[in-house]
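Working notes for the structure below.
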Number of protein chains: 4
Amino acid sequence: MQSRSPASRTGRPRSATADAAILAATREALVELGWSKLTLGDVATRAGVAKTTLYRRWAGKNELVVDAVAELFDELELPDRGSLAADIEGVVLQFASILALPEARSGLMAVVAEATRDEALRERIRASVVDRQKRLVLEGRARAQARGELAAEPDPASSARTVDLIFDMVAGAVVHRTLVSAEPADEEWVHSFTGVLLRGLAGEAPPPADV
Amino acid sequence: MQSRSPASRTGRPRSATADAAILAATREALVELGWSKLTLGDVATRAGVAKTTLYRRWAGKNELVVDAVAELFDELELPDRGSLAADIEGVVLQFASILALPEARSGLMAVVAEATRDEALRERIRASVVDRQKRLVLEGRARAQARGELAAEPDPASSARTVDLIFDMVAGAVVHRTLVSAEPADEEWVHSFTGVLLRGLAGEAPPPADV
Amino acid sequence: MQSRSPASRTGRPRSATADAAILAATREALVELGWSKLTLGDVATRAGVAKTTLYRRWAGKNELVVDAVAELFDELELPDRGSLAADIEGVVLQFASILALPEARSGLMAVVAEATRDEALRERIRASVVDRQKRLVLEGRARAQARGELAAEPDPASSARTVDLIFDMVAGAVVHRTLVSAEPADEEWVHSFTGVLLRGLAGEAPPPADV
Amino acid sequence: MQSRSPASRTGRPRSATADAAILAATREALVELGWSKLTLGDVATRAGVAKTTLYRRWAGKNELVVDAVAELFDELELPDRGSLAADIEGVVLQFASILALPEARSGLMAVVAEATRDEALRERIRASVVDRQKRLVLEGRARAQARGELAAEPDPASSARTVDLIFDMVAGAVVHRTLVSAEPADEEWVHSFTGVLLRGLAGEAPPPADV
DNA sequence: GAGTAAACGAGACGGTACGTCAAGTCTTGCG
DNA sequence: CGCAAGACTTGACGTACCGTCTCGTTTACTC
């Protein structure tokens with residue numbers, strides 16, 4: 001999250017509870033106010049903390065919100081449901097349920113938007129949010145290959161590209177459904193989505209003539 | 001965009017050039033400053049217009065940026081490339097090229113983020129950005145069905161659901177690739193993406209053993 | 001009040017009623033809002049007149065208010081009450097009753113304050129407000145000299161100085177009483193004031209021991 | 001001037017120098033621009049202070065100017081010149097010399113005008129400007145009574161009324177001479193004024209026939 | 001268990017932008 | 001050309017947060 005120079009061993013140590021209180025207050029404020037009306041002064045007040053304490057730990061609103069939202073993704077995991085399709089549906093539903101939380105909806109897109117002009121922020125998001133999800137894709141694929149549902153990809157570079165592609169497709173679709181179309185990514189939708197993802201558009205409907 | 005009561009026929013009419021100047025200035029400022037550092041006062045100055053003139057036409061930053069970005073999507077069209085796959089690749093590339101513009105990158109995600117807490121804004125985005133793209137999906141599908149590449153869907157409700165799903169998948173994947181992964185949605189990527197979209201994950205790689 | 005070039009004889013003539021309506025609306029606004037919150041746009045609306053019409057006649061707020069307030073002083077006159085003391089009391093009470101009107105209180109001091117930095121405005125005030133009152137002082141003195149209550153002053157320069165002095169004393173005292181001390185200049189006060197003015201401080205109280 | 005709750009002992013203390021700089025800047029701006037063109041933003045800039053700092057201490061232009069002008073009256077005092085007439089001339093000259101300052105001319109009338117619609121402002125003016133002067137009248141009268149120039153007034157209520165009357169007459173005359181007539185209240189004028197004030201109009205000229 | 005160094009709360013500080021308001025000017029079309 | 005309507009530029013308003021800076025106070029380590 002944030003670290004102090006290892007040399008500083010003297011003086012009063014930072015309050016551990018303050019960190020937690022600030023992140024909780026940030027999420028609370030995100031729910032009530034949304035990203036754009038969230039102010040650091042207000043967060044500090046909610047957390048029962050002085051503004052300086054907050055600035056001692058985070059550089060600004062962006063960094064703070066990334067950390068606050070990232071904690072929501074801690075619980076993601078991939079239970080083995082027996083088949084690739086079921087595994088995908090499971091993890092997509094988990095992802096969708098997080099995006100349904102107002103604190104995530106408000107904050108996530110906003111920091112992504114900010115990150116278009118801030119490389120460090122983009123890296124922070126990648127490290128604390130994206131990679132945590134991408135790990136599940138890797139895990140799911142390995143499992144599917146073990147089951148024989150997917151062939152092994154020998155070339156590591158091409159393999160990485162495929163993972164990235166799939167991840168962009170999964171995460172992108174859920175995000176777009178949830179935030180842009182503003183419709184719930186419920187079980188029915190996830191099922192349809194998984195169908196297309198696995199079998200393609202053509203395979204979805206009765207098989208085409210030839211192609 | 002914005003309209004006045006049709007009854008108001010008296011008084012000095014609004015300057016038509018001002019509108020265009022403001023929207024152009026907004027895009028310019030988006031490129032240089034990005035969403036969060038864009039200020040309406042600065043936009044007004046760039047447009048050679050008073051702040052009040054700007055506020056007379058738009059309620060705030062969000063509405064202004066939506067309109068400014070929406071104009072970028074005016075040029076989208078779907079040339080007939082002969083096959084569904086080629087059509088998809090064509091339109092996805094067009095979409096990706098717009099998202100590659102800095103004025104779109106900076107602004108689009110931000111207004112979407114704002115829209116999570118503002119129904120009217122969400123509707124404005126849908127009307128001026130999303131629907132303009134969704135039309136292409138409809139058109140492409142009709143063409144594919146005419147070619148026999150896709151079967152006709154008799155049930156209109158299910159048909160609409162399918163269009164929405166495909167649209168979320170296409171737009172979401174491109175957006176995620178471009179803004180979150182921060183990698184270019186170039187021809188190679190679009191080709192891979194189209195492959196998965198049409199034939200599914202399983203069909204992408206060399207066919208699996210059995211299943 | 002204001003004049004147009006005598007050459008302009010063509011075109012639509014100015015509405016005579018507009019002038020009266022504007023001045024009346026100005027006084028109404030002075031009562032309701034006071035000087036500082038009075039706006040020309042509001043006056044125009046109250047008068048049922050366009051702002052341009054107002055600006056065509058007056059240069060600004062100051063000039064307009066002077067004219068609006070000056071009309072209040074039109075009615076001042078000096079009935080012959082038989083003695084200098086009674087005449088003074090009469091005119092002072094008249095003056096006080098005008099200053100008791102909210103439209104005068106609010107506006108008069110404000111334009112005087114503005115006039116400290118605007119020679120033309122000061123002249124306008126002098127012409128339309130001050131001189132109208134000073135005339136009464138002259139008249140009253142002539143009458144008193146005719147009655148033998150005051151000796152004639154042969155030197156015209158010294159005579160003018162005395163009139164100015166008396167006028168400053170009378171007007172100043174009433175204004176200060178009314179606006180700064182914020183107490184009514186009622187009959188009792190006017191009587192005491194007139195006593196001091198005519199007989200002096202020493203003569204006011206029972207005569208001092210010696211001196 | 002302005003005070004904070006005595007309990008507030010925490011937090012960064014207010015800068016003492018800022019207060020002085022602001023008041024000085026206010027007087028400077030009054031001289032250069034006059035009341036109506038004085039803006040708080042400009043004052044803040046002149047004082048090298050942020051606008052917020054200014055608003056933290058004063059509610060608005062009126063209060064600020066009253067305090068800035070009030071400081072000019074700090075130096076008023078009443079040296080014993082040996083006779084009532086000489087004392088009066090002395091203090092009136094002092095008062096006139098303050099009113100001759102452009103910072104006082106511009107500001108004082110304007111705040112008085114504002115005070116006609118603002119009880120709190122009127123009280124503030126009374127406390128910081130008027131009472132400071134009225135004290136001198138009281139002192140002068142006591143001294144004159146001690147000298148035997150004036151008889152003691154046994155009734156306290158009537159005594160207070162007399163002081164108020166004299167004060168309105170003195171202050172009103174000087175103000176009117178200076179600001180409305182826009183003539184200097186120089187020694188000659190003050191001498192004439194004192195003559196009338198002490199001996200009355202009748203006593204000023206060669207003694208009238210009878211009365 | 002005294003000293004010390006950093007964290008802490010409070011809140012003032014210099015800034016920047018906000019969104020609004022009024023001033024005074026400039027088109028419109030109608031009379 | 002006068003006039004009502006209303007858009008226009010300009011510039012100040014008073015507010016809200018920003019991120020920084022004192023203050024005086026607390027709290028843990030260290031000697």
Side-chain angles (χ1 to χ4, degrees), chain A residues 4 8-15 18 37-45 47-61, chain B residues 4 8-16 18 36-45 48-61, chain C residues 4 8-15 18 36-45 47-61, chain D residues 4 8-16 18 36-45 47-61:
Chain A
R4 304 158 61 194
S8 60
R9 197 153 285 115
T10 164
R12 177 174 171 177
R14 289 193 182 163
S15 158
K37 293 187 182 166
L38 176 150
T39 71
L40 296 202
D42 178 61
V43 168
T45 304
V49 142
K51 249 197 315 176
T52 37
T53 300
L54 203 156
Y55 276 106
R56 206 173 287 122
R57 289 161 159 81
W58 287 276
K61 193 163 153 174
Chain B
R4 304 158 59 197
S8 61
R9 197 152 285 114
T10 153
R12 177 173 173 177
R14 289 194 180 163
S15 159
S36 60
K37 293 189 182 164
L38 176 151
T39 70
L40 295 201
D42 178 61
V43 168
T45 303
V49 143
K51 242 193 324 173
T52 41
T53 297
L54 205 156
Y55 277 106
R56 203 173 290 120
R57 291 163 159 78
W58 286 277
K61 196 164 151 173
Chain C
R4 303 157 62 195
S8 61
R9 198 153 284 120
T10 163
R12 177 170 168 178
R14 289 192 182 166
S15 159
S36 61
K37 293 187 182 167
L38 175 150
T39 71
L40 295 201
D42 178 60
V43 168
T45 304
V49 142
K51 253 198 307 178
T52 36
T53 300
L54 204 157
Y55 276 106
R56 207 172 287 121
R57 290 163 158 79
W58 285 276
K61 196 163 152 173
Chain D
R4 303 159 59 197
S8 62
R9 200 158 319 248
T10 157
R12 177 171 172 178
R14 290 196 179 162
S15 159
S36 60
K37 293 188 182 165
L38 176 151
T39 70
L40 295 201
D42 178 62
V43 168
T45 303
V49 143
K51 240 193 328 172
T52 41
T53 297
L54 205 157
Y55 278 106
R56 205 174 287 121
R57 290 162 159 80
W58 287 276
K61 195 163 152 174

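Throughout, a chain's letter reflects where its sequence line sits, starting with A, and its residues are numbered from 1. Atoms considered below: every heavy atom in the structure, side chains included; atoms not considered: hydrogens, waters and symmetry mates.
Positionally, the nearest nucleotide of DNA chain E for Ala50(A) lies more toward the 5' end than for the other of Ala50(A) and Gly41(B). For Gly11(D) and Asp42(B), each mapped to the nucleotide of DNA chain E holding its nearest heavy atom, the one lying further toward the 5' end belongs to Gly11(D).
Within the nucleic acid shown, Gly60(B) has no heavy atom closer than 4.0 Å to any nucleic acid atom.
Remark: Thr39(D) OG1 to Lys61(D) NZ distance equals 7.5 Å, nearest 0.5 Å.
Residue Lys51(D) has its side chain nearest to dC13(F) when only dG19(E), dC13(F), dC8(E) are considered. Residue Thr52(B) has its side chain nearest to dT10(F) when only dC13(E), dT10(F), dC8(E) are considered. If you check dA4(F), dG14(E), dG9(E) against the side chain of Val49(C), the one that comes closest is dA4(F).
Regarding contacts with the backbone of dT16(E), every side-chain N or O of Thr39(B) stays at 4.0 angstrom or more from both OP1 and OP2. Taking side-chain N and O atoms only, Thr10(D) has no distance below 4.0 Å to OP1 or OP2 of dG9(E). Applying the 4.0 Å criterion to OP1 and OP2 of dG9(E), one finds that Thr53(A) has a side-chain N or O inside that range.
A straight line from CZ of Arg56(B) to P of dA22(E) spans 14 Å, rounded to a whole angstrom. Here the P atom of nucleotide dT9(F) and the CG atom of Leu54(B) are 10 Å apart, to the nearest Å. Distance, Leu38(B) CG to dC18(E) C1': 13 Å, rounded to whole Å. Between the OH atom of Tyr55(C) and the P atom of dG24(E) there is a distance of 4 Å, rounded to whole Å. In this structure, NZ of Lys37(B) is placed 13 Å from C1' of dC18(F), rounded to the nearest angstrom. Here dG11(F) presents its C1' atom at 13 Å from NZ of Lys61(D), a figure rounded to the nearest Å. The nearest whole Å value for the distance from the CG atom in Leu40(C) to the P atom in dA4(F) is 15 Å.
A heavy-atom distance below 4.5 Å is found between the side chains of Arg56(A) and Thr53(A).
Residues satisfying the side chain to side chain donor-acceptor pair (under 3.5 Å) criterion with Thr52(C), sequence neighbours excluded, are absent altogether.
Side-chain N/O atoms of Arg12(B) and base N/O atoms of dC8(F) include no donor-acceptor pair closer than 3.5 Å.
Between Val49(B) and Leu54(B), the shortest heavy-atom distance links the atoms CG1-N, 4.4 Å. Across all their heavy atoms, Ser15(A) and Ala18(A) have their closest contact at OG-N, 3.1 Å.
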